[in-house]
2 protein chains.
Amino acid sequence: MPASKSTRMESTTNTRSQILDIAQDLIQRNGVNAMSYADISKAVGIRKASIHYYFPSKEDLVIDLLDRYNEQFYCLLDEIMASPESPKVKLNNYFGLFEETLSSGEQDKACLCGILTAELKTLSTPIVERVTKFYRHNEEYLEQILQSGLETGDFAFAGNPQTMARLIFSLMEGDLLIARADGGVARIQSTIQQMMALIKS
Amino acid sequence: MPASKSTRMESTTNTRSQILDIAQDLIQRNGVNAMSYADISKAVGIRKASIHYYFPSKEDLVIDLLDRYNEQFYCLLDEIMASPESPKVKLNNYFGLFEETLSSGEQDKACLCGILTAELKTLSTPIVERVTKFYRHNEEYLEQILQSGLETGDFAFAGNPQTMARLIFSLMEGDLLIARADGGVARIQSTIQQMMALIKS
DNA sequence: GTCTATATAGAGATAGAC
DNA sequence: GTCTATCTCTATATAGAC
């Protein structure tokens with residue numbers, strides 16, 4: 001029973017997840033509208049038509065990709081929230097997620113949902129909903145960290161945690177996009193440090 | 001002499017600037033890679049081939065568009081800098097440029113260079129240089145405003161004005177992109193207000 | 001300057017053999 | 001599951017008439 005399940009997983013999931021990996025990589029670099037089945041085909045070593053076997057349409061592919069990406073990201077957020085660290089450390093760990101995105105690979109990848117945000121007006125409703133959900137989830141978690149930091153005395157700032165959470169999320173998405181083009185990891189690191197300085201008590 | 005010049009301007013520049021207007025609009029909505037000569041053709045009421053008369057290649061069009069856009073934006077920045085207002089008011093006027101971008105038209109336009117940033121890895125060097133120049137210019141002006149605000153006592157914040165300028169620019173670009181997708185003008189307004197609160201003395 | 005017509009390449013997608 | 005072959009549509013771009 002575990003064997004048959006594992007076999008099924010390998011034969012059906014391997015190529016499939018490989019396609020998703022490559023697609024994600026290409027979108028984080030070039031955007032959805034500059035990513036094609038031909039690009040994936042070359043990188044995976046499979047024919048274009050075979051990709052349609054797993055993902056009948058490009059929209060299917062992007063939807064499945066976003067579901068996988070969001071689930072993974074939410075897991076990382078949960079880990080941060082569940083840790084016994086102080087709010088200050090939690091926030092730093094949150095910032096680390098964005099820094100790692102840029103510092104990985106050839107240092108030319110931005111946040112998947114950040115890239116899609118720029119192309120959002122060309123995308124279908126199911127995709128837009130998933131990107132929006134990503135914002136909301138991030139902002140809710142950030143708000144919790146900020147709120148508990150105000151209570152412990154880790155943080156001190158004017159205004160309310162919700163507005164601050166939105167500001168910080170916008171900042172990280174924007175800085176990740178810009179740092180990728182100009183400034184690199186050094187820029188995002190100094191931005192993070194500056195943001196911490198602005199809200200530390 | 002002024003008459004002939006004016007005639008020449010009307011006959012050669014009118015259609016040309018109309019094309020640039022539409023192209024800018026389309027890019028700020030959908031991105032470069034989702035904008036085509038066919039789209040411009042429909043909106044301007046001219047055939048695709050005629051656009052090639054003014055802009056032989058799409059790259060030519062985008063380069064000329066960025067030159068025009070940057071020049072216009074730098075003029076607005078100069079106006080703000082030259083005014084006798086306080087640093088606090090100048091910064092608010094700067095923020096206003098971003099708020100106006102979103103609140104204009106159907107409320108679905110982001111910053112031209114912000115959109116191009118997401119697609120930057122698919123663009124040629126001459127275009128990348130112009131987008132990067134836009135960042136630098138904005139950040140330099142912001143740094144000046146912040147510096148003079150520290151001197152007058154309008155502002156008080158940890159860290160140096162350069163890092164703060166970069167943070168604020170990243171914030172505005174990011175928030176404009178996200179607000180367009182979720183939150184609208186209300187979001188960008190509360191982000192601006194929150195940012196002001198963080199650096200006011 | 002603007003048009004029609006066309007070249008060429010690439011996109012997403014389907015049918016059917018193996 | 002992966003292939004070849006093909007369809008349809010759209011993209012950028014050019015040639016040449018008016």
Side-chain angles (χ1 to χ4, degrees), chain A residues 4-24 26-27 29-66 116 119 121-127, chain B residues 4-24 26-27 29-66 116 119 121-127:
Chain A
S4 78
K5 189 187 174 190
S6 142
T7 306
R8 200 182 134 264
M9 294 280 281
E10 277 166 36
S11 57
T12 61
T13 325
N14 238 359
T15 309
R16 190 190 155 86
S17 63
Q18 234 185 305
I19 293 169
L20 289 175
D21 290 343
I22 297 291
Q24 182 176 332
L26 287 168
I27 296 175
R29 279 182 224 280
N30 305 326
V32 235
N33 294 324
M35 187 249 342
S36 71
Y37 274 41
D39 296 328
I40 301 173
S41 166
K42 271 178 247 165
V44 178
I46 198 179
R47 292 306 186 140
K48 276 195 301 172
S50 307
I51 303 173
H52 284 281
Y53 168 78
Y54 296 99
F55 308 100
S57 76
K58 194 178 173 179
E59 197 197 340
D60 295 324
L61 196 162
V62 176
I63 288 176
D64 285 6
L65 177 57
L66 278 173
L116 292 182
E119 301 176 293
K121 298 291 168 180
T122 72
L123 303 173
S124 67
T125 309
I127 294 174
Chain B
S4 79
K5 189 186 173 189
S6 143
T7 307
R8 201 182 130 262
M9 295 279 284
E10 276 166 36
S11 58
T12 60
T13 326
N14 237 0
T15 310
R16 190 190 154 86
S17 65
Q18 232 186 305
I19 294 169
L20 289 175
D21 290 344
I22 296 293
Q24 181 176 333
L26 287 166
I27 296 176
R29 278 181 224 279
N30 305 325
V32 235
N33 294 323
M35 187 245 350
S36 71
Y37 274 41
D39 297 328
I40 300 173
S41 167
K42 268 177 248 166
V44 178
I46 199 179
R47 292 306 185 138
K48 278 193 297 173
S50 308
I51 304 173
H52 285 280
Y53 169 78
Y54 296 100
F55 308 100
S57 77
K58 193 177 175 180
E59 197 197 339
D60 295 324
L61 196 163
V62 176
I63 288 176
D64 286 4
L65 176 58
L66 278 173
L116 293 181
E119 302 176 294
K121 299 291 169 181
T122 71
L123 303 172
S124 66
T125 309
I127 295 175

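What you see is a predicted model; the values in this text were computed from it and never measured. Numbers restart at 1 for each chain; the letters A, B, ... are given by sequence-line order, proteins then strands. Note that these values count all heavy atoms, side chains included, but never hydrogens, waters or copies made by symmetry.
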| request: Write down the distance between CG (A/Leu61) and C1' (C/dA11), rounded to a whole number of angstrom. | output: 15 Å

| remark: Whole-Å distance, B/Arg47 CZ to C/dT4 P, equals 4 Å

| query | Where the side chain of B/Lys48 is concerned, which of D/dT12, C/dA13, C/dA11 is the nearest nucleotide? | reply | D/dT12

| 5'-most by nearest nucleotide on DNA chain C - A/Ser57 or B/Ala49 | B/Ala49

| Between A/Asp60 (CG) and C/dG12 (C1'), how many Å, whole number? | 12 Å

| query | With a 4.0 Å cut-off on heavy atoms, is A/Tyr53 in touch with a base, just the backbone sugar-phosphate, or nothing at all? | reply | base

| query | Taking only N and O in the side chain of B/Thr15, is any of them less than 4.0 Å away from OP1 or OP2 of C/dG1? | reply | no

| task | Nearest whole angstrom, please: distance from the C1' of D/dA11 to the CD1 of B/Ile51. | result | 13 Å

| A/Ile40 CD1 - C/dA11 C1' separation (whole Å) | 12 Å

| note | The reported gap from CG in B/Asp39 to NZ in B/Lys48 (rounded to nearest 0.5 angstrom) is 10.5 Å

| request: Answer yes or no: is there a side-chain heavy-atom contact under 4.5 Å between B/Tyr54 and B/Leu20? | output: no

| query | Roughly how far apart are A/Phe55 CZ and A/Asp60 CG, rounded to 0.5 Å? | reply | 8.5 Å

| request: Consider the side chain of A/His52, meaning its heavy atoms from C-beta on, and name the nucleotide among C/dG12, C/dA11, D/dA13 that approaches it most closely. | output: C/dG12

| Atom-to-atom span, NZ of A/Lys42 to P of D/dT2 - whole angstrom | 19 Å

| task | Using a heavy-atom cut-off of under 4.0 Å over every strand shown, decide if B/Ser50 touches base, sugar-phosphate, or nothing. | result | base

| message | At less than 4.0 Å, is any side-chain N or O atom of B/Tyr54 found next to OP1 or OP2 of C/dT2? Yes or no. | response | yes

| said: Measure CZ/B/Phe55 against C1'/C/dT2 and give the value in whole Å, please. | reply: 15 Å

| said: By nearest atom, which of the nucleotides D/dA11, C/dG12, C/dT2 is closest to the A/Ser36 side chain? | reply: C/dG12

| field | B/Arg16 CZ to B/Asp21 CG distance, which is reported to the nearest 0.5 Å | value | 11.5 Å

| remark: What one should report as the nearest heavy-atom pair of A/Ser41 and A/Ile46 is OG-O, 2.5 Å

| field | A/Tyr37 OH to D/dC9 P, straight-line distance once rounded to whole Å | value | 19 Å

| request: Ignoring the backbone of B/Ala38, work out which of D/dA13, D/dA11, C/dT2 is nearest its side chain. | output: D/dA11

